[in-house]
Amino acid sequence: MKVKSITLIALLLCIGIFTEAQTEIRTAEELAAINSNETSLKGRYILMNDITIENWTPIGDAEAPFLGLFDGNGHTITIVSIGNVYSAPFRMKSKVDIPAIETNYIGIFGFNGRRSVIQNLQVDGEITFESNYNIMAGGVTGANYGTVRNCISNVSVSSTGYENESKTNPDNSGDCFAGGITGINNGIIRNCYSTGNITAKEGVYKYAGGITGLNDFDEGIIQWCYATGNISATGSAAERYAGGIAGFCSQGGLVQYCVALNKNIVSDKTENSFTGRIIGLHQGRAGGNFSRRDINLTNDNSNPNGRDLYEFSSLQDIEWWTVNRHIRFAFGSDVSRPWAWDNELNRPVMHWESGATQENISARRNNTAPGTSSQNKIEIRNTEELSAIGADLSTLKKNYILMNDITVENWTPIGMEKGNFSGTFDGNGYTITILSIRADTLQTRNIFKWMGIGLFCSVNGHIKNLHVAGDIRYSSGTKTLYIGAITGMNEGTITRCVSTANISGNGGIYTKGRGTANFFLGAAMGGVILYQNGAYAGGITGINKNVVTNCYSTGDISIAGEGYKSAGGIAGGNGVNGGHIVNCYATGKISAKEDGGVRFAGGIAGMNSWSATIENSVALNEELIAVGKSNGVALDGTGLMAHNNVRYSVGVNMGTQNQVGKLIQTYYRHDMKITKEKEAKTDDEFDNETDNDSKSGKGYKRQLVDYATTQNKEWWVGAPKKFEFNFGTEEKAPWVWDDELKRPVLYWQTDVFTPEEPTDQSNESM
């Protein structure tokens, strides 16, 4: 009886501990108050809505760490800027009296100590910090000594230090640590992912990783995590470490069951630079880690820390993540099984992101009662509301839904003046008609001086269920131009979209000789001659650097200018490193004209760059044109032996002899009219070429199909081997057959689909 009583008392104590009330956080001021004193730093908190913070002082530091529980509850904290990290109370000494060993802990949290837990939190925004001293910067926390689980970071993190010739402290320069989740990990990170770009530069030692800059000693454990952003560790002095998951893993640290989906992992090309698919420099323990095969690595010093390499398309299948016995992400609806599959992003996400797997979490996240409907999207009904999406950094990260057709003119592409669109835009089956583009004061973007023209300037979020019509014309002068109906540049996901817009662009200038080039944002090709600026036009996007799926375009696409000219029915260019176009088709006339530079025209893409893929796509275009006189030497690569290049599915399959873009199950109509100047090779020689996969026999000539055959639904649903458009009335099977057009259209273009009805605003005050 005595034993039972003791057991009961222990049980009640445990229940008391784990049911302790959580303080609700609803504002930035309430969030900042966690940093007030030792007691508040040990509290238990739950986030009740999304919050935006700026001029932020991170919560906790090494002298007074956060030791409590913070439950993000599926909500998002968007960080705009870092403020005075030395402010009282519970910060280090004032900035004018900093000891040489000072370290800056930068993130939503600065330093979370042993026994602390941060969970179910999404962090968006940007963290940029410079200092003479050590910098530990991460999207969630600067330094983790506790547990971070089930968290997402969409934060771009940049830490910059100074060398011994530093601005204000020449004798005591520090190291830079930057990670998607944390700058340095001395605790546990499980079931998290990061999508932001991570940069550590200058300073003495530089550590950059998708999850953490440094996984430290015996205590650092990282499991079941992945990262997608670009990783960079650069600068002179000492050493540089860059890895898809961790820049450096110290002796005894563990990285296990992680996946590197990063496109680029780079550092300076010196003997003191270390880059790896999973870990930049590995001295600890690692196992069961995987990466995409086509990561662009400066140096591969990865040691055996990546179990195997996979094609990016293989990693976009849920079965790979669940059946692979060496990875097995836990799919479910609770803390221990936190993952859900996103059919549009084609990768795992947190179960509380979509709300599809746990009703109460969805309701809590949307501030509704369980069982009620709330999509938590901002409704767009007119030109003013559409333009307001690009007002500032925070509006570019939100979720929107179109509630009716809209016509715009003198249009400024969304994000042209403020940054990339990284939210979600659901066209809801409606149409945006663009009559004209503003031509007076549009600004170029970033140091490469490119201009993105379309409904959006550039996208790294998600655009879906949208129809864009109209006449989109723009001349960028000598600057590089990316022009498309949906966006100038796509680094996100575009699904189930239609363009019936005619696209016409002019831009770029030819530069003869060697040197830095602006091809796909300045990607050099082994020092060969490149054309400095160009113009790229596509029905959906000017340049595709991520995913375009289940889309089609019917408009005419034309491009001109003195530099590179590349035009395609879906994308002007597909690549570099990861561009994927799948289940798409185009019907319009494609042309790349004018003297200077070179011209590429393709039914699906003008260029298909190395490590890019075009799959299950059909060129139904009536005519392709590439004419003009060249003033220089064409690139030396597969499919690039002539100045004017017209190919049926893709204008040029670009790369070196051993690494070129992939064309899988791509088809073109047999009666397509081809107009081009005489080339070094005959037409027959071009027609008989195959793509890079010689074993599969996937060649251009084998992909020809009678146009009449494509006017039969049966051909699209699987008559060709492994070729199939999914027909149905839902997102997973978005295609339906149009008996009048005799080709597939999207399900939301028919009576089967009913757009979301506008809410009743009759009682709203005027």
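The first residue of the sequence shown is numbered 1, and numbering continues consecutively from there.
- Separation of atoms CG (N460) and CG (N490) is listed at 9.0 Å; rounding is to 0.5 Å.
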**Message:** If you apply the rule side-chain hydrogen bond (donor to acceptor under 3.5 Å, both in side chains), what do you find for T549 with N583, and how did you get there?
**Reply:** CA-CA 6 Å; T549 181; N583 278 35; 5.8 Å; no
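- The closest donor-acceptor contact from the side chain of S617 to the backbone of E615 lies under 3.5 Å.
- Rounding to the nearest 0.5 Å places CD of Q711 at 11.5 Å from CG of D738.
- Rounded to the nearest 0.5 angstrom, I581 CD1 and N616 CG are separated by 13.0 Å.
- In this structure, K397 and G125 approach most closely via the heavy-atom pair CE-CA, 3.7 Å.
- Counting only N and O atoms by type, the side chains of T195 and N154 include a donor and acceptor under 3.5 Å apart.
- Atom CD1 of I486 sits about 9.5 Å away from atom OG of S553, to the nearest 0.5 Å.
- With contacts defined as side-chain heavy-atom distances shorter than 4.5 Å, the pair T424/K464 qualifies.
- Minimum interatomic distance between V618 and I604 (heavy atoms only, all atoms of both residues): O-CD1, 3.4 Å.
- Judged by distance alone, the side chain of H462 and the main-chain N or O of G423 form no donor-acceptor pair under 3.5 Å.
- Residues Q749 and H467 have side chains not in contact (no heavy-atom distance under 4.5 Å, counting atoms from C-beta outward).
- Between N621 and M672, some side-chain heavy-atom pair lies under the 4.5 Å cut-off.
- Heavy atoms only, all atoms of each residue included: L620 and Y585 are closest at CD1-CD1, 4.0 Å.
- A donor-acceptor contact shorter than 3.5 Å is absent between the side chain of N428 and the backbone of Y430.
- Here the closest heavy-atom approach between residue Q316 and residue V547 is recorded as NE2-CG2, 3.7 Å.
- Counting heavy atoms from C-beta on, the side chains of I472 and I437 come closer than 4.5 Å.
- In this structure, E379 does not pair ionically with K377, as no charged nitrogen and carboxylate oxygen lie closer than 4.0 Å.
- At least one donor-acceptor pair closer than 3.5 Å links the side chain of S566 to the backbone N or O of G572.
- Distance alone, capped at 3.5 Å, is enough to place a donor-acceptor pair between the T487 side chain and the C457 backbone.
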Check: Are T495 and V548 close enough, and set up right, to give a side-chain contact (heavy atoms from CB on, under 4.5 Å), and what steps lead you there?
Finding: CA-CA 6 Å; T495 58; V548 177; over 6 Å; no
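- The one candidate from I434, N382, T433 that meets the side-chain contact (heavy atoms from CB on, under 4.5 Å) condition with V408 is I434.
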Going through the distances and angles, do M489 and K545 end up as a side-chain contact (heavy atoms from CB on, under 4.5 Å)? CA-CA 8 Å; M489 174 180 289; K545 299 180 73 177; 4.2 Å; yes
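- Contact check for I453 versus L481: side-chain heavy atoms found under the 4.5 Å cut-off.
- Other residues, nucleotides and ligands contribute only 12 or fewer heavy atoms inside 6.0 Å of the CD atom of E622.
- For N296 and N264, the side-chain atoms include at least one donor-acceptor pair closer than 3.5 Å.
- The backbone N or O of G492 lies less than 3.5 Å from a partner atom in the side chain of N546, making a donor-acceptor pair.
- For the residue pair Q665 and Y667, a side-chain donor N or O sits within less than 3.5 Å of a side-chain acceptor on the partner.
- The backbone N or O of G229 lies less than 3.5 Å from a partner atom in the side chain of N262, making a donor-acceptor pair.
- Residues W715 and F725 form no side-chain contact, since every pair of their non-hydrogen atoms from C-beta on lies 4.5 Å or further apart.
- N502 and D471 form no side-chain donor-acceptor contact under 3.5 Å, judged by distance and modelled atom types alone.
- Using modelled atom types and a 3.5 Å distance limit, the side chains of N550 and W735 yield a donor-acceptor pair.
- Between V498 and T500, the closest side-chain pair of non-hydrogen atoms falls below 4.5 Å.
- Residue E409 places its CD atom among 12 or fewer non-hydrogen atoms of other residues, nucleotides or ligands, all under 6.0 Å distant.
- In this structure, D342 contributes its side chain and V349 its backbone to no donor-acceptor pair below 3.5 Å.
- Residues I198 and N230 fail the side-chain proximity criterion, which asks for heavy atoms closer than 4.5 Å.
- Nearest heavy atom pair, residue Y747 against residue G728, reads CB-O, 3.9 Å.
- For the residue pair N197 / S156, no side-chain donor-acceptor distance below 3.5 Å is found, with atom types taken as modelled.
- The distance from atom CZ of F421 to atom CG of L455, rounded to the nearest 0.5 Å, is 9.5 Å.
- Nearest heavy-atom pair across M451 and S476 is SD-CB, 3.8 Å.
- Donor-acceptor pairing under 3.5 Å is recorded for the side chains of D392 and S394.
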* **Derivation and outcome, side-chain contact (heavy atoms from CB on, under 4.5 Å), residues F425 and L466** => CA-CA 8 Å; F425 188 92; L466 177 63; 4.1 Å; yes
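- Although no hydrogens or angles enter the test, the distance criterion places a donor-acceptor pair under 3.5 Å between the side chain of S436 and the main chain of N410.
- At distances below 3.5 Å, at least one donor-acceptor pair connects side-chain atoms of D556 with backbone N or O atoms of K589.
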Report task. Go through the steps for N399 and D426 under the test side-chain contact (heavy atoms from CB on, under 4.5 Å), then give the verdict. Result -> CA-CA 8 Å; N399 300 325; D426 186 347; over 6 Å; no
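- For the atom pair OG1 (T228) and CZ (R292), the distance works out to 9.0 Å, reported to the nearest 0.5 Å.
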